[in-house]
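First listed ligand is number 1; within each ligand, the first listed atom is number 1. Treat the numbers as computed from the prediction; the structure is a model and nothing was measured.
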Amino acid sequence: MMGEFNLINKYFVDRQAQRKDVILAAGDDCALVEMPENVSIAISTDTLVAGTHFLADAPAAWVAHKALASNLSDLAAMGATPAWVSLALTMPEPDEAWLAPFCSAFFDLADYFGVQLIGGDTTKGPLSITLTVQGFVPKEQALRRSGARVGDWVYVTGELGDSQAGLDVVLDPNKSTKPFAQELLYRHFHATPRVLVGQAMLPYASAAIDISDGLISDIQHILTASHVGVSLDVDALPLSKELIQFVDDKPTAQQYALTSGEEYELCFTVPEEHKGAVDTATAHCGVQVTCIGQIRPQDHFELHASGEPLDWSVSGYDHFKES
Ligand code: ADP
Ligand code: MG
C-alpha cells in the first residue's frame, strides 16, 4: 500500500500547467497565490459524502466530475471566473484503482475551465470529497440573490429535469430499462457548470442562483433575498425529449423540471431594458437560455400551465399526474 506522501505526489502534484497567479501550489504548508487588482474573490465549499451524495460504487470519474462541477456551478451563479481549487479527500484506504480515474476526470474538467488545484488534505476515513473553489469577479458586479426587482424576467439555462431522472435510475435499477435511462444517468453525473453564461450575464442580470435543490426551491432564495414574488409559465420550462420519453408524458416531465435537484443550471433575472441583450450575450456559450416567467410583488407565487393558474401548494404533484 502506498504511503500518504507518495500518493499525494503521484496523483495530485504537478498534474496541471501552472497559472501565472499561483506562486506555490501543493507541496508546502500553504499554497501561495497572487490577487489580481479590481476583483473580488468568490469562494465556495461543498462536500460530497459516499452514501449521501453518491453511491460508493459509482464510477470514480463520474464522482470527480460531479464534485468539481457542482462547486464550479456556485462560482458560475455569481458570474465569477474560476481560478483555484483545493481538495480535501477522505478515503477508507489508498485505493489506486479508484484514484486514477478520479484524478483524470478531475483534472480534465479543471483544465477545461483553467482552474488549478493548489492544495488539499488526504486522510483516512469514510469516502468523502470536500472542494473549495475560488474565482474572480469584477468588484461590485457579482450576481447576488438579492437583486431581482418586480417586472424582471426569469431565465434558466439548458434543460431541466434530466438530473432527477438520472437519479431515479441510480436509486431504482428497474428503471434502467426505460427509454434513455443510461443517457439520463450519465447526465446526472455530468452537468456542465454554466460559467460562460454567468460571466456573459454580469452586465445584464439583476440576480442569479444555480439550481442544486430544484427550481421551485432555489428560486425561493432569490424571492426571499430580493423581497419579491414570481409568476412562472410551466409550459415554457425547457424539457429534453429524452426526459419526456423516460417519464412517459409531458406533465410528469414538467413536474421533474420544477423539482429536480443537482441540475447545476443557472436561474437568473433580467430587467426589461436588458431583455433584448440576453440572446446576443449568451450566443457564444453553447447552451440555450429560456425565459420562464416574470418577477412579481412580494408574496405572489404563481404557476401557470396551459393558460390556467396552478395552485402548487394545494395540488402539487397530483395535479400534474391527472392533467
Ligand atoms: P500538512 O500536514 O501541512 O497539512 P499535508 O501532508 O496534509 O500537509 O499535505 C502536504 C501537501 O500536499 C500540502 O501542500 C497540501 O496542500 C498537499 N495536498 C495534500 N492532499 C492533497 C490533495 N488531495 N490534493 C492536492 N493537494 C494535496
Ligand atoms: Mg494536511
Please confirm whether Phe180 and Phe246 have ring centers closer than 6.0 angstrom.
-> no
Which ligand 1 atoms, with their elements, are less than 4.0 angstrom from a heavy-atom of Thr122?
-> 19 (C), 20 (N), 21 (C), 22 (C), 23 (N)
Any donor-acceptor N or O pair under 3.5 Å, side chains Thr252, Gln255 | no
Output the list of atoms in ligand 1 that are nearer than 4.0 Å to some heavy atom of Asp29, sorted by atom number.
-> 3 (O)
Which donor-acceptor pairs under 3.5 Å do the side chains of residues 58-69 make with protein atoms, sequence neighbours left out?
residue : atom : partner : partner atom : Å
His65   : NE2  : Ala191  : O            : 2.8
Lys66   : NZ   : His53   : O            : 3.0
Lys66   : NZ   : His188  : NE2          : 3.2
Lys66   : NZ   : Glu262  : OE1          : 3.3
Lys66   : NZ   : Glu262  : OE2          : 3.2

What atoms in ligand 1 come closer than 4.0 Å to a heavy atom of Gly27?
-> 11 (C), 13 (C), 14 (O)
Going by the atom numbers of ligand 1, which of them fall below 4.0 Å from some non-hydrogen atom of Leu117?
-> 24 (N), 25 (C)
Hey, does Ala26 come in under 3.5 Å of ligand 1, counting only N/O atoms on both sides?
-> no
May I ask which of Ile129, Thr130, Asp28 has a heavy atom nearer to atom 13 (C) of ligand 1 than the others do?
-> Asp28
Which is it for Ile8 and ligand 1 at heavy atoms under 4.0 Å: side chain, backbone, both or neither?
-> side chain
All side-chain contact (heavy atoms from CB on, under 4.5 Å) counterparts of Ala277, not counting sequence neighbours = Tyr204
Salt-bridge test for Arg194 and Glu265: reply yes if a basic N is under 4.0 Å from a carboxylate O, no otherwise.
-> yes
Check the side chains of Tyr256 and Asp168 for a donor-acceptor pair under 3.5 angstrom, ignoring hydrogens and angles.
-> yes
Close N or O approach (Gly120, ligand 1; < 3.5 Å) = yes
